[in-house]
Asker: 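Here you go, one structure.
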Amino acid sequence: MFITPAFAQGAPTGGDMTSLITNIVPFILIFVIMWFLIIRPQQRRVREHQEMIKNVRRGDVVVTSGGIVGKVTRVLEDSTDIEVEIADGVKVKVARSNISEVRTKSEPVKA
């Protein structure tokens with residue numbers, strides 16, 4: 001007689017599976033959004049960087065991750081290092097992974 005309708009209703013039966021699905025769907029959507037906005041573009045940039053490093057050849061002008069600009073004087077295919085001339089008569093060995101940009105001979109230096 002004095003029981004409110006909220007107390008009179010029992011727990012829903014058989015709704016456990018739909019409750020589980022509605023709780024998991026937002027996490028799946030967040031993961032998909034993160035995949036397309038963060039993970040996939042980063043993987044593409046890594047592939048492009050590896051391809052750029054693989055195609056470095058003698059005479060290319062390169063920029064290292066430290067900001068040093070120099071001309072490639074020697075490249076060994078089986079080595080991880082290349083030789084870069086940063087000034088007249090000054091040659092340094094640079095790890096291929098430290099190259100951040102490759103500028104070819106025909107491209108002018110950006111100011």
Asker: Output all residues satisfying salt bridge (Lys or Arg N to Asp or Glu O under 4.0 Å) with Arg74, sequence neighbours left out; order by chain, then residue number.
Answerer: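 Only Glu83 meet the salt bridge (Lys or Arg N to Asp or Glu O under 4.0 Å) criterion with Arg74.
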
Asker: If only atom types and distance count, is the side chain of Asn23 paired as donor or acceptor with the main-chain N or O of Ser19 below 3.5 Å?
Answerer: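 Yes, Asn23 side chain to Ser19 backbone: donor-acceptor pair under 3.5 Å.
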
Asker: Test: side chain to side chain donor-acceptor pair (under 3.5 Å). Region: residues 35-45. Which pairs qualify, not counting sequence neighbours?
Answerer: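 Side chain to side chain donor-acceptor pair (under 3.5 Å) check on residues 35-45 returns Gln42-Arg45.
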
Asker: Can you name the side chain to side chain contact (heavy atoms under 4.5 Å, CB included) partners of Leu37, sequence neighbours left out?
Answerer: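 Leu37: side chain to side chain contact (heavy atoms under 4.5 Å, CB included) contacts with Ile33.
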
Asker: Going through the checks in order, is the side-chain contact (heavy atoms from CB on, under 4.5 Å) test met by Val75 and Arg57?
Answerer: CA-CA 6 Å; Val75 178; Arg57 63 184 190 277; 5.6 Å; no

Asker: Could you tell me if the side chain of Thr73 sits less than 4.5 Å from the side chain of Val84, heavy atoms only?
Answerer: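 A side-chain contact under 4.5 Å is absent here.
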
Asker: Same cluster for Val25 and Phe31 if Ile/Leu/Val/Met/Phe/Trp/Tyr side chains link at under 4.5 Å?
Answerer: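 No, separate clusters.
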
Asker: How would you list, by chain and number, every residue that makes a salt bridge (Lys or Arg N to Asp or Glu O under 4.0 Å) with Glu77, sequence neighbours excluded?
Answerer: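 With sequence neighbours excluded, Glu77 shows a salt bridge (Lys or Arg N to Asp or Glu O under 4.0 Å) to no residue whatsoever.
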
Asker: NE2/His49 to CD/Glu101 distance, rounded to the nearest 0.5 angstrom?
Answerer: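 Spacing of NE2 (His49) from CD (Glu101) equals 10.0 Å.
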
Asker: With side chains defined as the heavy atoms from C-beta onward, is the minimum distance between Val69 and Val62 less than 4.5 Å?
Answerer: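 Of all side-chain heavy-atom pairs linking Val62 with Val69, none is under 4.5 Å.
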
Asker: For Ile53, is there any backbone N or O sitting under 3.5 Å from a side-chain donor or acceptor partner on Arg96?
Answerer: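 Checking the backbone N and O of Ile53 against the side chain of Arg96, a donor-acceptor pair under 3.5 Å is found.
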
Asker: With the 4.5 Å side-chain cut-off for hydrophobic clustering, are Phe36 and Phe27 part of the same group?
Answerer: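 They do not share one cluster, since no chain of ILVMFWY contacts under 4.5 Å joins Phe36 to Phe27.
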
Asker: Please round to the nearest 0.5 Å and tell me the distance separating atom CG of Leu20 and atom OG1 of Thr22.
Answerer: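 Output value for this atom pair is 8.0 Å.
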
Asker: Just jot down the side-chain hydrogen bond (donor to acceptor under 3.5 Å, both in side chains) partners of Asn55, sequence neighbours excluded, or say none.
Answerer: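 Testing Asn55 for side-chain hydrogen bond (donor to acceptor under 3.5 Å, both in side chains), a comparison that skips the adjacent residues, returns Glu51.
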
Asker: Could you see if Ile39 belongs to whatever hydrophobic cluster contains Val46? Use Ile, Leu, Val, Met, Phe, Trp, Tyr and a side-chain cutoff under 4.5 Å.
Answerer: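 In one cluster with Ile39: Val46, no.
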
Asker: Search all heavy atoms of Met52 against all heavy atoms of Ile99 and return the closest pair with its distance.
Answerer: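 What the structure gives for the nearest pair is CE-O, 4.0 Å.
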
Asker: According to side chain to side chain contact (heavy atoms under 4.5 Å, CB included), who are the partners of Ile38, at least two apart in sequence or on a separate chain?
Answerer: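 With neighbours one apart ignored, the set is Met34.
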
Asker: Roughly how far, to the nearest 0.5 Å, is CG of Asn98 from CD1 of Ile82?
Answerer: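 Going from CD1 on Ile82 over to CG on Asn98, the span is 9.5 Å.
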
Asker: Which of these, Ile86, Val72, Thr64, sits in a side chain to side chain contact (heavy atoms under 4.5 Å, CB included) with Val94?
Answerer: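 Output: one option passes, namely Thr64.
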
